[in-house]
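First up is the structure itself, then whatever we jot down about it.
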Amino acid sequence: MSRYTPAEIETKWQTAWDEAETFRATRSDDKPKYYVLEMFPYPSGRIHMGHVRNYTMGDVIARYRIATGHNVLHPMGWDAFGMPAENAAMERGGHPKDWTYGNIADMRAQMKPLGLSIDWSREFATCDPEYYGQQQALFLDFLEKGLVYRKNATVNWDPVDMTVLANEQVIDGKGWRSGAPVERRELTQWFFKISEYSEELLEAIDRLDNWPDKVKLMQRNWIGKSRGLQFDWALTEPSHGHETIVVYTTRPDTLLGASFLGISPDHPLAKALEADNPDLAAFNAECRRTGTSEEELERAEKKGFDTGLKVRHPLDPTWELPVWVANFILMDYGTGAIFGCPAHDQRDLDFCRKYDLPVIDTFLAIDDPTPVEAEAFVPPKTEKVKWINHFTGIDMATGQDAIDATITQAERDGWGTGVTKYRLRDWGLSRQRYWGCPIPVVHCEACGVAPEKKENLPVRLPEDVSFDQPGNPLDRHPTWRDVPCPACGAPAKRETDTMDTFVDSSWYFARFTAPDAETPTRMEDAAYWMNVDQYIGGIEHAILHLLYSRFFARAMHICGHLPESAIEPFDALFTQGMVTHEIYVTRDEKDRPVYHLPGDIEWHESGARLGATGEAVEVIPSAKMSKSKKNVVDPSDIIERYGADTARWFVLSDSPPERDVEWTAAGADAAYKHLARVHRLATEELVDPSAENPGEDEELYRAMHRTIHDVTMGVESFGFNAAIAKLYAFTSTIARSNAGGHAKREALRTLAQLMAPMTPHLSEEVWSLLGGEGLVVDAPWPVADEAFLVDDTVTLPIQINGKRRDEIEVPKDLDKAEVEKRALATEAVQKALAGGQPRKVIVVPGRIVNVVV
RNA sequence: GCCCGCGUGGUGGAAUGGUAGACACAGGGGACUUAAAAUCCCCAGGCGCAAGCCGUGCCGGUUCGAGUCCGGCCGCGGGUACCA
């Protein structure tokens, strides 16, 4: 009997697949196509177990689809531009390009041993000039169609390093390297007009039937459609050319509770007032010192400044309200001005109390209005409340009816307009960084923005750059930057901003359909392979990446690069959880935490200890694997120790795929043992292949077809862990079975087939040991025979008042009345009834009987 | 702050509104073995001698019946537009 030797087996079968070009995808009309894609990795240096999990899931789907007769496209590439490469260049020298391509080579070498069914001939990295050149072509097409424009926007500015910082690089309002307080600075930047597609992107969500509901809900909320009232508040005295302040509100029904008008520090009026009010200028400057992220703005302490200006209430000209500048009002949303209603908004109430502004008593109420104290009254949206209607007195209405009625009245009387707004903002794509796709335009004094000519693409990144000083090296590279204008030939300057890396990942899925095309896509290939039938990736991409990709597919269609059928590029989406691990920590002499790799830990009766010193180690509950916490397991170590099949089996078996999975050494051991057992069964069963044992054979076939059915359902519905539980059970059934050799061999071959998407190498080995024809990867997926799936009798639990008390075995098709009769005859029911009659009997055929006494 | 999830034995988890804990790990017992490893078999939510009672983060609701649906909390995680 030969032992299970994954290293040998895995190399052998990977070679076989390579030689047969099993995973090379070519267009063909004799089979339905199936495009399965996992979100491509950022080449950080090493693959981690999260990658293994992501790509294994995709591989299960891909191999299952091959087996069910599909022409499968399963490509892989690299999301290769981005900040970490520049940071690496700054920290340890070298060039971002070398760092990135070196990482790609390392990670590819780590991925290949996993035995993924990938068509490596289509591989590319987004930092390949062939790829980003086509992206530049897309940009020029978008520019021509009016989908891109320039406007001013604020960025985080580090005044010491003289550089723009990402939100992630701002820590407690300070630059991560310089430690200097960050300022907001306005720059002219490029934007995609995604907001023009707000309604379209919102409405199309309804047709994404195979996306998770949570993702669709997040996208709906992100787009944030609202219906509200837009109307003017007249200033009592015009100020700096402003006669009114325009306000947008989604709660016009609370207009009679207004206490103050608030404007953003970035509102044009607020800026104009700075000129003759140094205190206000100081206040606005203070507000601008916080970062640009919404989280930071919303969590900042609410502050205000009285401008001294007054406005008249639109419904009562004698009613004057003060105008304040407030730091919580965003210029990006609505009109950058609000009215505050303290009675019905907690934030406004807090603001009024803080600055001693008048608080008008509550006027929306379920019963009788009560004066507002510390808490604002926010009525439930669906509940009718008393509502003071400024035209008809007191009405009863739900919040929405009151809002709609107010808008109708405002429009009728001409003092306001119903307006639909979206929270979604245009997508700023300019980055003041080197390691990204250059924006292919030139700035010319005479011509303004001059698009680069397509025949000059790609606009390549210069390679002779250094990262020994902060800022964008493109800005200080004269031979690259100073070029003649493509339109008039006069001396001009190249745009030195590069594109947001989200641009790179917004169309790579389309490029995979024809990675060698001399235009961004080749239409016949795009038409054949698109859409992605199954897209798999992390939930962290639920909004930005997926929304940007949906926009890009539409824009590419407008420019003739995708067919209309591909404007929703991902037919089905699955979001998987993370791989986590316990964290091991000791303390240094200053009580600072020192983290340790799982491989350095030994387990003793007294708990975890450092292998080297025996020092006791504190074990912190599982968290996402991260380098800083050292709770990482290197997939290469796992593959070397157990083989790829074990790693694959484990990441699929131990948790439902949408949830986090904790990597445990014990779990990996168990997975290995199971695979070794299957291998052992296959080698044992080589003896006496023809023996039969009729009764036992039927039992085994029954289990086999039940397993085929369950595993098929499991794979189709991403129930991998449940499918694997069935495979464990089936393996035990085979091991214990007294069936004849023929039946056992067939059962084992079927087991190999059912396991093949998860453990492809072992399955090939078992398949070939047991005389399977050809490669298991080419064998058609087994089909469950319905005749073996149904049992003649069924066991029904008997509940009394909802608690299980007994059970009866009855023929499968026994009619309800007879089931009820037999249930009532049971000892438990007779005892409970004590001679009386049941109040009610519920019979759910085939499931349960509940007797209410 | 706001939006979206998640919470079940010692552990990972299973369960179309219908027998809570499948399958697996760790644990206990046994078989085989000179012994160990490997393998195989059995036990196992908690309390209780038992009958039985309790039990899916907490509180409440809908239902004949709730882990599952609804409302309110608590805790943890993801996103929050320049991390990818």
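Protein chains get the first letters and strands the later ones, always in sequence-line order, with residue 1 at the start of each. From a predicted model like this one, the values you see are computed outputs, not experimental measurements.
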- Message: At 4.0 Å (heavy atoms only), tell me whether A:F328 reaches a base, stays on the sugar-phosphate, or touches nothing.
- Response: nothing
- Query: Using atom C1' of each nucleotide, how far apart are B:U8 and B:G57 to the nearest Å?
  - Reply: 10 Å
- Message: Please report the distance separating the P of B:U62 from the corresponding atom of B:G71, rounded so that it comes out in whole Å.
- Response: 15 Å
- Message: Would the base of B:C64 count as contacting A:N850 through its side chain, where contact means a donor and an acceptor less than 3.5 Å apart?
- Response: yes
- If the P atom of B:G29 is compared with that of B:G9, how far apart are they to the nearest Å? 25 Å
- Within the structure, does a side-chain N or O atom of A:R425 lie under 4.0 Å from either OP1 or OP2 of B:A81? no
- Item | Integer angstrom distance from the C1' of B:A38 to that of B:G52 | 44 Å
- Task: Return yes if the base of B:C2 and the side-chain atoms of A:R299 contain a donor-acceptor N/O pair under 3.5 Å, otherwise no.
- Result: no
- Query: Given the C1' atoms of B:C76 and B:C82, what is the spacing between them in whole Å?
  - Reply: 28 Å
- Message: Taking 4.0 Å as the cut-off, does a side-chain nitrogen or oxygen of A:R3 come that near to OP1 or OP2 on B:A38?
- Response: no
- Distance check: side-chain N/O of A:N221 vs OP1/OP2 of B:C4, anything under 4.0 Å? yes
- Query: Given that both distances must come in under 3.5 Å, which nucleotide forms a Watson-Crick or G-U wobble pair with B:G77?
  - Reply: B:C4
- Minimal heavy-atom distance between A:L208 and A:K216, with the atoms involved, is O-NZ, 2.9 Å
- Note on the structure: Winner on side-chain proximity to A:R677, out of B:G18, B:C40, B:U39, is B:C40
- Item | B:G48 and B:C64, which share atom name P, separated by this distance in whole Å | 36 Å
- For B:G13 versus B:A22, give the span between their P atoms, rounded off to a whole number of Å. 15 Å
- Checking only heavy atoms, does the side chain of A:Q189 share a donor-acceptor pair with the base of B:C82 at less than 3.5 Å? yes
- Message: OP1 or OP2 of B:C54 versus the side-chain N and O atoms of A:K803: is any pair under 4.0 Å?
- Response: yes
- Under 3.5 Å, is there a donor-acceptor pair between the A:S653 and A:N721 side chains? no
- Among the candidates B:G5, B:G78, B:G18, find the nucleotide nearest to the side-chain atoms of A:E540. B:G78
- Closest to the side chain of A:N156, out of B:U80, B:G13, B:C82, is B:C82
- Message: Taking only side-chain N and O atoms of A:R431, does any of them lie within less than 4.0 angstrom of OP1 or OP2 on B:A84?
- Response: no
- Partner of B:G10 under the Watson-Crick or G-U wobble criteria, both distances under 3.5 Å, comes out as B:C25
- Which nucleotide in the list B:C83, B:C82, B:G1 gets nearest to the side chain of A:E294? B:G1
- Query: Which value, in whole Å, describes the distance between the P atoms of nucleotides B:U19 and B:U56?
  - Reply: 16 Å
- Find the partner of B:G18: check Watson-Crick (N1-N3 plus N6-O4 or O6-N4) and G-U wobble (N1-O2, O6-N3) distances, both under 3.5 Å, and reply none if neither fits. B:C64
- Go ahead and name the base partner of B:G55; Watson-Crick or wobble counts if both distances stay under 3.5 Å, otherwise write none. none
- Item | Sugar-phosphate, base or nothing in reach of A:V852, heavy atoms under 4.0 Å | sugar-phosphate
- Message: Can you tell me if A:T501 touches the phosphate of B:A84, counting only side-chain N or O atoms and a distance under 4.0 Å to OP1 or OP2?
- Response: yes
- Task: Taking only Lys NZ, Arg NE, NH1 and NH2, and the carboxylate oxygens of Asp or Glu, determine whether A:K354 and A:E301 approach each other closer than 4.0 Å.
- Result: yes
- Task: Classify the ring geometry between A:F351 and A:F328 as parallel (under 30°), tilted (30 to 60°) or perpendicular (over 60°).
- Result: perpendicular
- Note on the structure: Against the side chain of A:A725, the closest entry in B:C3, B:C82, B:C23 is B:C23
- So A:F718 and A:F574, would you call those rings parallel, tilted or perpendicular, with 30° and 60° as cut-offs? parallel
- Query: If we call it a pair only when both distances are under 3.5 Å in a Watson-Crick or G-U wobble match, what pairs with B:A38?
  - Reply: none
- Message: If the threshold is 4.0 Å, N to carboxylate O, is there a salt bridge linking A:R423 and A:E294?
- Response: yes
